[in-house]
Amino acid sequence: MGDTAVIPLTLLPGRTDTTRIGRDRLELLTALIEAPAFDPLFRDTLIFIPPQHPVYAWQCAVDGCKRIRRISHNLCNTHNLEWEQAEQTGQTKRAFMDAATALPAARGVDYGRCLICPDRPAISPTTRLCQQHQTRWQYGEAADMDRDQFEQWARTQHPLPGYGLCQARCPFLACTSLGLCLQHLNRYKIDNRPGQPGRRTYAAPSRTASRSQ
């Protein structure tokens with residue numbers, strides 16, 4: 001098995017099938033996972049499929065392209081449309097692949113790291129900035145700047161410390177002090193922020209002051 005570590009399987013808390021049959025099934029499953037023929041890729045708790053996996057590839061086949069391939073093709077949607085046009089002109093697939101321009105990721109859950117903060121995740125596929133720097137660029141001192149001033153502005157910014165990995169047993173970097181990545185933070189908000197102390201709601205003062213009699 002090489003250096004691949006196998007995580008021992010255990011029954012979930014609260015399970016009632018802790019009989020000999022249940023334990024035997026667990027031991028059998030563990031033995032099958034430890035077998036040499038079992039792909040080590042699926043032995044870890046968190047499974048990461050490489051972009052160009054020979055069976056489960058998910059990234060566009062154009063060299064350097066970061067976009068997700070279509071289900072029925074090995075190209076992303078943009079490159080697939082370009083290939084359809086090139087094919088009608090008689091161009092070969094190999095020639096097209098060699099000449100195609102790689103594209104940055106346009107959607108997904110991981111936009112890489114912030115251009116300014118190496119320990120914080122980017123939240124935008126266009127600016128590649130973390131939450132704090134994205135807010136500064138859009139609404140702060142840079143709000144009135146033109147897009148062509150972006151690189152100059154970015155060079156004047158200072159990196160901020162990161163928050164480590166997401167606490168939701170996730171391989172992505174946390175984007176806030178809550179310790180959650182962008183996707184889990186959005187889910188946390190959708191679930192009405194469970195576990196967070198309730199916020200007080202204050203009534204707005206009356207527009208007309210009451211007069212003492």
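FYI, the numbering just counts along the sequence from 1. Scope of the values below: all heavy atoms of this structure, side chains included, with no hydrogens, waters or symmetry mates. For clarity, every value in this text was computed on a predicted model and none was experimentally measured.
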**Student:** Before you tell me yes or no, could you show the steps for Arg120 and Leu160 under side chain to side chain contact (heavy atoms under 4.5 Å, CB included), namely the whole-Å CA-CA distance, both residues' side-chain angles and the distance that decides it to 0.1 Å?
**Tutor:** CA-CA 8 Å; Arg120 294 197 179 194; Leu160 301 172; 3.6 Å; yes
**Student:** What are the two closest heavy atoms between Leu185 and Thr176, and how far apart are they?
**Tutor:** CD2-CG2, 3.7 Å
**Student:** Are Leu32 and Ile47 in one and the same hydrophobic cluster, where Ile, Leu, Val, Met, Phe, Trp and Tyr link if side-chain heavy atoms are under 4.5 Å apart?
**Tutor:** no
**Student:** With a 3.5 Å distance limit and no angle check, can you tell me whether Tyr188 reaches the backbone of Pro194 through a side-chain donor-acceptor pair?
**Tutor:**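 Side chain of Tyr188 to backbone of Pro194: a pair is present.
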**Student:** Begin with the C-alpha distance, continue with both residues' side-chain angles, and end with the deciding distance and a verdict on side chain to side chain contact (heavy atoms under 4.5 Å, CB included) for Cys114 and Arg128.
**Tutor:** CA-CA 5 Å; Cys114 176; Arg128 307 282 173 164; over 6 Å; no
**Student:** In the single-linkage hydrophobic clustering (I, L, V, M, F, W, Y; side-chain heavy atoms under 4.5 Å), do Leu180 and Leu165 co-cluster?
**Tutor:**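 Unlinked, Leu180 and Leu165 end up in two clusters.
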**Student:** Which atom names give the shortest non-hydrogen contact between Asp119 and Arg113, and what distance separates them?
**Tutor:**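 Here Asp119 and Arg113 meet closest at CA-NH1, 4.0 Å.
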**Student:** Indicate, with yes or no, if Met97 and Trp58 share a hydrophobic cluster defined by side-chain heavy-atom contacts under 4.5 Å among Ile, Leu, Val, Met, Phe, Trp and Tyr.
**Tutor:**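 They do not share one cluster, since no chain of ILVMFWY contacts under 4.5 Å joins Trp58 to Met97.
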**Student:** Once rounded to the nearest 0.5 Å, what's the spacing between atom CD of Gln59 and atom SG of Cys76?
**Tutor:** 9.5 Å
**Student:** Starting from the C-alpha separation in whole Å, work towards a yes-or-no answer on side chain to side chain contact (heavy atoms under 4.5 Å, CB included) for Cys60 and His79.
**Tutor:** CA-CA 8 Å; Cys60 179; His79 281 127; 3.5 Å; yes
**Student:** Please test Cys175 against Cys130 for side chain to side chain contact (heavy atoms under 4.5 Å, CB included), starting from the C-alpha separation and ending with a verdict.
**Tutor:** CA-CA 7 Å; Cys175 63; Cys130 64; over 6 Å; no
**Student:** Could you give the distance from CH2 (Trp153) to CG (Leu129), rounded to the nearest 0.5 Å?
**Tutor:** 5.5 Å
**Student:** Minimum heavy-atom separation for Gln134 and Ser124, please, with both atom names.
**Tutor:**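 Answer, listing the atom of Gln134 first, then Ser124: OE1-CB, 3.8 Å.
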**Student:** Rounded to the nearest 0.5 Å, what's the gap from CG on Asp191 to NE2 on His184? Could you check?
**Tutor:**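 Here the interatomic distance stands at 10.5 Å.
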**Student:** Look up atom CG in Leu115 and atom CD in Gln157, then write down how far apart they are to the nearest 0.5 Å.
**Tutor:**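 Spacing of CG (Leu115) from CD (Gln157) equals 12.0 Å.
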**Student:** Provide the closest heavy-atom pair for Leu75 versus Phe96 in the form atom of the first, atom of the second, distance.
**Tutor:**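 The answer is CD1-CE2, 4.1 Å.
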**Student:** What's the spacing between Arg70 CZ and Asn80 CG if we round to 0.5 Å?
**Tutor:** 5.0 Å
**Student:** State, to 0.1 Å, how close Ile33 and Arg43 come at their nearest heavy-atom pair, and which atoms those are.
**Tutor:**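 Looking at all heavy atoms of both residues, the shortest contact is O-NE, 2.8 Å.
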**Student:** With a 3.5 Å distance limit and no angle check, can you tell me whether Gln149 reaches the backbone of Asp146 through a side-chain donor-acceptor pair?
**Tutor:**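 A pair under 3.5 Å: yes.
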**Student:** How far does CG of Asn74 sit from CH2 of Trp83, to the nearest 0.5 angstrom?
**Tutor:**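 Taking CG in Asn74 and CH2 in Trp83, the distance rounds to 10.5 Å.
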**Student:** Between Cys181 and Cys170, what is the shortest heavy-atom contact and its length?
**Tutor:** SG-SG, 3.8 Å
**Student:** Given the rule that I, L, V, M, F, W and Y join up when any side-chain heavy atoms are under 4.5 Å apart, are Leu29 and Phe42 in one cluster?
**Tutor:** yes
**Student:** Does the side chain of Gln52 pick up a donor-acceptor pair with the side chain of Arg69 at under 3.5 Å?
**Tutor:** yes
**Student:** Can you get from Val55 to Phe48 by hopping between Ile, Leu, Val, Met, Phe, Trp and Tyr side chains that sit under 4.5 Å apart?
**Tutor:** no
